[in-house]
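The block underneath contains the structure these notes are about, expressed in C-alpha cells.
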Protein chains: 2
Amino acid sequence: MVTLKDVAREAGVSPKTVSRVVNDDPAVNGKTREAVAAIIRRMHYVPDHAARMMRMSHSAVVGLMTDAVATTPYSVDLVRGTQSGLREQSRTMLIANTDGDPQQEQEYWRMFRAHKVAGVVYATMYHRPVDLGAPDFERGIVLANCYSARRSHPSVVPDDEGGGYTQARHLIELGHRRIGIVSLSPVLRATLLRGAGYRTAFAEGGLVYDPSLDVPGFVTRPDGGEDIVAYDAALTLLRRADRPTAIICGNDQIAMQIYAAAATLGLSVPDDLSVMGFDDMTVITCTLKPMLTSVALPYFDIGRAAVDILSRVNGETEGPVTPQVLVPCPLVVRQSCRQLV
Amino acid sequence: MVTLKDVAREAGVSPKTVSRVVNDDPAVNGKTREAVAAIIRRMHYVPDHAARMMRMSHSAVVGLMTDAVATTPYSVDLVRGTQSGLREQSRTMLIANTDGDPQQEQEYWRMFRAHKVAGVVYATMYHRPVDLGAPDFERGIVLANCYSARRSHPSVVPDDEGGGYTQARHLIELGHRRIGIVSLSPVLRATLLRGAGYRTAFAEGGLVYDPSLDVPGFVTRPDGGEDIVAYDAALTLLRRADRPTAIICGNDQIAMQIYAAAATLGLSVPDDLSVMGFDDMTVITCTLKPMLTSVALPYFDIGRAAVDILSRVNGETEGPVTPQVLVPCPLVVRQSCRQLV
DNA sequence: TCAGGTTGTGACACCGATGTCAACATGGCG
DNA sequence: CGCCATGTTGACATCGGTGTCACAACCTGA
C-alpha cells in the first residue's frame, strides 16, 4: 500500500500538503501541486477509503436494501438507475438482498450502520406498503417502489394509476369501444391503482366499465406462489360473441399468453385484436411478433429519483423533500395495437 | 455513534477488553464477557467498519465488477449467487457496473483499491474472453462467465459445449432424427461451443449434421446492436418439404419466435414440432404455452463458484485453485418436446 | 514456601487520513 | 522601518478500533 506519507516523503513535503493536493484545496502553490500530483500518479497512490471515512465519519457509500428486486429480472433497472444516480455523486453502492427474510434484514441494517453508509434506498419487488420497524439507523432512508403506511420515510413509486389510464386512453383514442382487461393478481396494489386509471379513462371516453370483461391473469396458489392463467382467461374472453377488440394486460407475460390464445383461435394481432402490455420488458416486447405496445414501468427513473431524494434528506443537495414522488409510466408504442376505422 | 470507549466506560473495563468480547477472544472471563455483552446490546453498539478495516488492512467486502450483467435480466442470478456465497463468508458486496466503458472500469478499479476489497469477481454478460489490462490490484481476481486469454486469472464459465450436447442429446433420445438449429449470433463464443456439442451428440446418435438446417436467429446491425430474426428463419425451415421435427434454439427468446412461426403455419408444439430453449429464463419458459423445455444457464452457481475460488486464491480457504471451472448447464424438462413413436 | 506457569486485564502505540492552528515568507502600506 | 494582510506549509492531535507486551492475580507441584 502506497500511503500519503510515502508520497510526502518522495515529494519532500508534509503529508498534509499531499492531502491538500488530493482534495483540491486551493491553498497550495501551483508548482507544489503539480509536483505532488505527478508523484501521486507515478506511485499509483489511491487514498485509503477506510482512513478517510474514519476521519470524516461518514462514507461515500449508499446502501441498497431490497427484498428481491436486485435479483429478479423484473426490476434490475432499479439497480441501474440507483447506480447511475450515485455515479453522478461519485458514490457507490453496497447491495443487500434480504429475500424477504426479516432476520437477514436485521443483519444488513447492522452492516449498513457498521459501514456508516451515507443513506439507504429500500426497494421492494412489488409496489406495496412496508413497515420498516425501527431500524435504529441515523442516516436518511428513502423507499423505492414501496411506501411507508405511517409516512415515516419519503418514497418513490411508479404512477400505476396513471399507467392504467395511459393504457386505456391509448386504445380508446385508437377507436376501441369494447376493451377487455386481463390483470395481475387482485391482491396487488398495482392492480387496484391501475383499475382506477382504467375507469377514469373509460369514463372520459364514454365507455361503460363491464366487470365481466375484467379477469385476473394470475392466480395465487395455496403455497403462496402464483400461476399464470392468462391463456385460459383470454380464450374465454375471445370466444364470446361480443368479444373485445382490444385487451389491456397486467404485464407483458400476460400479453404473451394473449398472443398464444389469439393464435389458437385463429385471430391475428393486431388485425383482429389489439394487445396492450405493461412493464415493457424488452425481452418480451421486442421478441413478440408483432412487437408489443406496452407501458413502461420506470424502474430506472425510480432508482435515480430515490438517490436524488436521499441526498436532499441528508441535506447534501438543495431542494424540497417531497413525501412521495410519483414517477410516470410512459407509453411505448409498437405494433400490437391497431386503429379502428 | 456509540464507540468502543463508550461501552468500556459504561462497563468499567478497558476498551481492549470490549474489543476482545466483540471478537470472541477466548481470553476473557465468562462474567466479564457477559456483562460487557449485555452493555453492548443495551447501547446498540456496532463496531465501526472503517476503523477495524484500517487496523486490519483488508475488508470484508468483495467487489463485483460487471459490464452489464448486474443490470440485464439475463444474468441477475449471477449477482444472487455471488451474494449467497458471500453471505456464508459473512461478507458483502460492492457493485460496479461499467456499461462496458473502459474509463468507468478504470475508475472502479481505483475505487476497489480505495476500499481495500478482499477480492474482485469480474463478470461479463456474454461468455467471452477478456483482457483485464493491468489493473494494478493486489488482491485476488476471479473471472465469471468470461476467461482470460492469457490465463492470468482463474475463471468460472458455463459449459456451453455440454449444454449444446444436452439439448441435442435429449431430442435424439426422444427419437428425433431431423433437427433444426436456430442459433445465437455466430460471433458469440457460446454459439461456437454449443455447435461443437451438437455435433458430438449428432455423431453419437448417428445423425448427419446438415448445415442448411443450422441458421442464425439473431443478426448484428451495422450499429452493433442485434435484431432477432428467428421468426423468419423458422418460417423458412418449417416450410421445407423435409421440415425438421424439432428445433434447438440459441436462447428462449428465439424459442418464443419459433412458437409464433409454428402458430402461423398451423403447426402445433409439441405435436408437430418440438422446441428446445436455452437459458431457462422462467419469465419466458413458464409463460409459453406449452411451457418450454430448456437448458439452464447456471448463473447462480457460477456466482457461487466464483466466490469460492476467490477465497482460495486469497488463501482464506483450503483447496486447489483450478484455472478454469466449467459449470454444467442442466436440462429442465417441460412440455415442448415430444417423444416420437 | 517458592519458582514457574496460566489467566485475565490494561497501557500504549499504531493504522492512514484530515482539522486545527501556528509558523514562516512575502509584499504592500503608512 | 515596523506592521499587518495574504499565501503557503507543517506539527500535532485525532478518528475507532486492534496488536504487542507488561503486569497482577491465581494456580500448580516440588
Problem - Atom pair distance, as rounded to whole Å: CG in B:L4 and P in D:dG19 - result: 12 Å
Exercise for the section: Could you tell me whether A:D99 and B:R87 have a side-chain N and a carboxylate O separated by less than 4.0 Å? Expected result: no
Handout entry: Spacing of A:M53 atom CE relative to D:dC15 atom C1', expressed in whole Å
Key = 11 Å
Practice task
Applying side-chain contact (heavy atoms from CB on, under 4.5 Å) between A:L143 and each of A:T124, A:L132, A:V121, A:V120, report the one that passes.
Solution key: A:L132
Exercise for the section: Specify the separation, in whole Å, of atom CE of B:M54 and atom P of C:dC15. Expected result: 8 Å
Which pairs of donor and acceptor atoms, one on a side chain in residues 40-49 of chain A, lie under 3.5 Å apart (sequence neighbours left out)?
from: A:D48; atom 1: OD1; to: A:A50; atom 2: N; distance (Å): 2.6
from: A:D48; atom 1: OD1; to: A:A51; atom 2: N; distance (Å): 2.9
from: A:D48; atom 1: OD2; to: B:K116; atom 2: NZ; distance (Å): 2.2

Problem - Presence of B:S14 side-chain N/O under 4.0 Å of C:dG10 phosphate oxygens OP1/OP2 - result: yes
Practice task
Measure the CG-CG distance between B:L78 and B:L297 for me, rounded to the nearest 0.5 Å.
Solution key: 9.5 Å
Exercise for the section: For the pair A:D6 and A:R9, find out whether any cationic side-chain nitrogen is under 4.0 Å from an anionic carboxylate oxygen. Expected result: yes
Exercise for the section: Describe the nucleic acid contact of A:V13 in one word from base, sugar-phosphate, nothing, applying a heavy-atom distance below 4.0 Å. Expected result: sugar-phosphate
Practice task
Before accepting this row, confirm whether a basic side-chain N of the pair A:D77/A:R80 lies closer than 4.0 Å to the acidic partner's carboxylate O.
Solution key: yes
Fill in the blank from the handout: To the nearest angstrom, the CZ-C1' distance between B:R113 and C:dA17 comes to 16 Å
Practice task
In whole angstrom, give the distance that lies between atom NE2 of B:H49 and atom C1' of D:dG16.
Solution key: 13 Å
Exercise for the section: Whole angstrom is fine here: how far is it from NZ in A:K5 over to P in C:dA17? Expected result: 9 Å
Handout entry: Near-strand residues of residues 21-45 of chain A, defined as heavy-atom separation under 4.0 angstrom from DNA chain C
Key = A:N23, A:Y45
Problem - Separation of C:dA17 C1' from B:R55 CZ (nearest whole Å) - result: 15 Å
Completion exercise
Reading nucleotides 20-25 of chain C from 5' to 3' and marking B where a protein heavy atom lies under 4.0 Å of the base, S where only the sugar-phosphate is that close, and - otherwise, the string is B-----
Problem - Check: A:C146 main-chain N/O paired with A:R128 side-chain donor or acceptor under 3.5 Å - result: no
Handout entry: Phosphate OP1/OP2 of C:dG10: any B:T17 side-chain N/O under 4.0 Å
Key = yes
Practice task
Considering just the side-chain nitrogens and oxygens of A:S19, establish if one lies under 4.0 Å of OP1 or OP2 belonging to C:dT18.
Solution key: yes
Practice task
Confirm from the modelled atom types if B:R52 and D:dT18 form a donor-acceptor pair under 3.5 Å, side chain to base only.
Solution key: no
Problem - Mutual orientation of the aromatic rings belonging to A:F112 and A:W109 [parallel < 30°, tilted 30-60°, perpendicular > 60°] - result: perpendicular
Exercise for the section: Using atom types as modelled and distance alone, determine if a side-chain donor or acceptor of A:N314 lies under 3.5 Å from a backbone N or O of A:A118. Expected result: yes
Practice task
Compare the minimum distances between each of D:dG17, C:dT18, C:dG16 and the side chain of A:M56, then state the nucleotide with the smallest one.
Solution key: C:dT18
